[in-house]
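Input: one structure, supplied below.
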Amino acid sequence: MHGADFAAEPHRLYDQMRAHGPAAPVELAPGVDATLVVQHEMALRVLQNTTLFSRDSRRWSALNEGRISLDSPVLPMMAYQPNVLFTDGAVHLRLRKAVTESLAKLSISRIRRDVEPIADYLIDQFSERGRADLLNDYAKLVPLLLFNKIFGCPADIGDRLTAGMSAMFDGENAQKGLEEVAGSLLELITLKRREPGDDVTSWLIQHPAGLSDDELRYQLIVLMGAGLEPERNLIASSLLLLLSDGPSGRGSGMLVEEAIDHVLWNNPPISNYATHYPLQDVDLGGVLVDANSPIVVSFAAANSDPALKEARQAASKGAHLAFGAGPHACPAKDPAQVIALTAIERILNALPDLTLAVPQDSLMWRPGPFHRALVALPARFSPTPATRMAAAMRSLTPTKAAEPAPRPVPQQVSGGHQEQRRKGFWSSFLDVFRL
């Protein structure tokens, strides 16, 4: 599941496995074996049975016995962290309650209000060029900047957090990126304990669960990680569908909401995950799995299960597993869809003749066992003047082809001398709105 063939045509592998049973052995990465559940009914059994299956990867026998390389590319997604994803029972309930009740304070109207200026700001960076990579210039950056907003990040912390998260997900010095994210979040937590605001970080701090700084840091990391990768993939894949040729493209009259739901059914942004570890040897419909061996749930394969034919035809939103199920189901499915909907509507309205710049069959999908992610989404359109936000940006910083080039900002250091700190996306965005 780590090769280019799987990335290009994952459903071909799902169909082959489904023909032999509800689950099948797979290799997630070189030397990393697992069992992939491909049947909808079996997926629900695993996701909902907390007495037989655990999410705690400290049980992973192959890792504990040294049979998994510590530099394996899947470890960041599978190795234990003390967050809501990898815990069970009372610990999980306490952490999840803090997370869900804090996220519940984000109203849909606020999310729309926060996404719209971010989308406009990003569109302004490329609208005069007549071309853009809708993934890397837009879909990737909308959630990055939005999370800075809803977490209450000031300029400098937000710049470092954005750079660190980009490094983690793009695979460019991921360890350094993780360290930057961890340090930035601890600084943010310290700030919000002293000066709380109307943001998720402050709400988590104030929650009756009484999370420690370390617990807060890990929950914020998982919120960002679980939001950024799926969100950018959902926005990009939905835009691809709307801009594509054929019966399901925008020319067919497909609504943005329909495109998002189509992606969630057919190419969920996180296609395979929710790793569980059986507490004892288990029989998954004829497929035997040893205790403490990883079982990965394929949301994409479960959604395409022939047993769901009627639900698929009716596009029933309640049946697909794109957001998981059971006690670990995604607590932010409504906000996630509103973010994608707002971002997509904003760019389609701003650039009404937006079209793919390359043949659809030439687009590349990023290899990896867990996600369904484009490498790039080149598009073209009639150049349009930038709005007030871009005009303000030009007075602050010159631009290059892909993104605004941050200008050096004097920063006082010891001895009275000044060093040059380069502005990032978040501080530049804040500068525009201060103007």
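We use all heavy atoms of the structure for the numbers below, so side chains are in, but hydrogens, waters and symmetry mates are not.
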Check against side chain to side chain contact (heavy atoms under 4.5 Å, CB included), L185 and I221
CA-CA 8 Å; L185 288 176; I221 288 175; 3.3 Å; yes
Does any donor atom in the side chain of D305 or Y14 lie under 3.5 Å from an acceptor atom in the other side chain?
no
Please identify each residue that fulfils side chain to side chain contact (heavy atoms under 4.5 Å, CB included) with P327, with sequence neighbours left out.
T50, H92
The test is side-chain hydrogen bond (donor to acceptor under 3.5 Å, both in side chains); show your working for S61 and N64 and say whether it passes.
CA-CA 5 Å; S61 56; N64 294 335; over 6 Å; no
With distance as the sole criterion, is a donor-acceptor pair present between the side chains of S298 and N272 under 3.5 Å?
yes
For S293 and D290, which I'm curious about, is there any donor-acceptor pair between the side chains at under 3.5 Å?
no
Under the side-chain hydrogen bond (donor to acceptor under 3.5 Å, both in side chains) test, residues paired with H20 that sit two or more places apart:
none
The criterion is side-chain hydrogen bond (donor to acceptor under 3.5 Å, both in side chains); which residues satisfy it with D56, sequence neighbours excluded?
R58
Taking side chain to side chain contact (heavy atoms under 4.5 Å, CB included) as the definition, give me every residue that meets it alongside P294, ordered by chain and number, with sequence neighbours left out.
A34, W60, M78, T275, Y277
Residues in salt bridge (charged side-chain N to carboxylate O under 4.0 Å, His left out) contact with R113, at least two apart in sequence or another chain:
none
Contacts of type side-chain hydrogen bond (donor to acceptor under 3.5 Å, both in side chains), residue E41, not counting sequence neighbours
none
Is it the case that the side chain of Q48 and the backbone of R45 share a donor-acceptor pair, with hydrogens and angles ignored and the cut-off at 3.5 Å?
no
Would the distance check show the side chain of S238 and the main-chain N or O of I235 forming a donor-acceptor pair, the cut-off being under 3.5 Å?
no
Which residues pass the salt bridge (charged side-chain N to carboxylate O under 4.0 Å, His left out) test with R217, sequence neighbours left out?
D214
Show the numbers, then the answer: is there a side-chain hydrogen bond (donor to acceptor under 3.5 Å, both in side chains) between D353 and T355?
CA-CA 6 Å; D353 64 347; T355 186; over 6 Å; no
Heavy-atom nearest pair, G158 first then N148, reads O-ND2, 3.4 Å
Under the side-chain hydrogen bond (donor to acceptor under 3.5 Å, both in side chains) criterion, do N233 and E229 qualify, and how do the steps go?
CA-CA 6 Å; N233 296 340; E229 174 76 13; 3.0 Å; yes
Tell me, with the steps shown, if L240 and Q360 meet side chain to side chain contact (heavy atoms under 4.5 Å, CB included).
CA-CA 8 Å; L240 170 60; Q360 184 177 343; 4.1 Å; yes
Taking only residues two or more places apart in sequence or in another chain, which ones pass salt bridge (charged side-chain N to carboxylate O under 4.0 Å, His left out) with R12?
E9
Taken in chain and number order and not counting sequence neighbours, the residues that satisfy side-chain hydrogen bond (donor to acceptor under 3.5 Å, both in side chains) with E65 are R67
Across all chains, not counting sequence neighbours, the side chain to side chain contact (heavy atoms under 4.5 Å, CB included) partners of S69 are D71
Could you tell me which residues satisfy side chain to side chain contact (heavy atoms under 4.5 Å, CB included) with N83, sequence neighbours excluded, listed by chain and number?
Q81, L85, F86, Y218, Q219, V222
Among residues at least two apart in sequence or on other chains, which ones pass salt bridge (charged side-chain N to carboxylate O under 4.0 Å, His left out) with R94?
E215
For E180 and S184 the tightest heavy-atom approach is O-OG, 2.7 Å
Is it true that a side-chain atom of N303 and a backbone atom of W265 form a donor plus acceptor pair closer than 3.5 Å?
yes
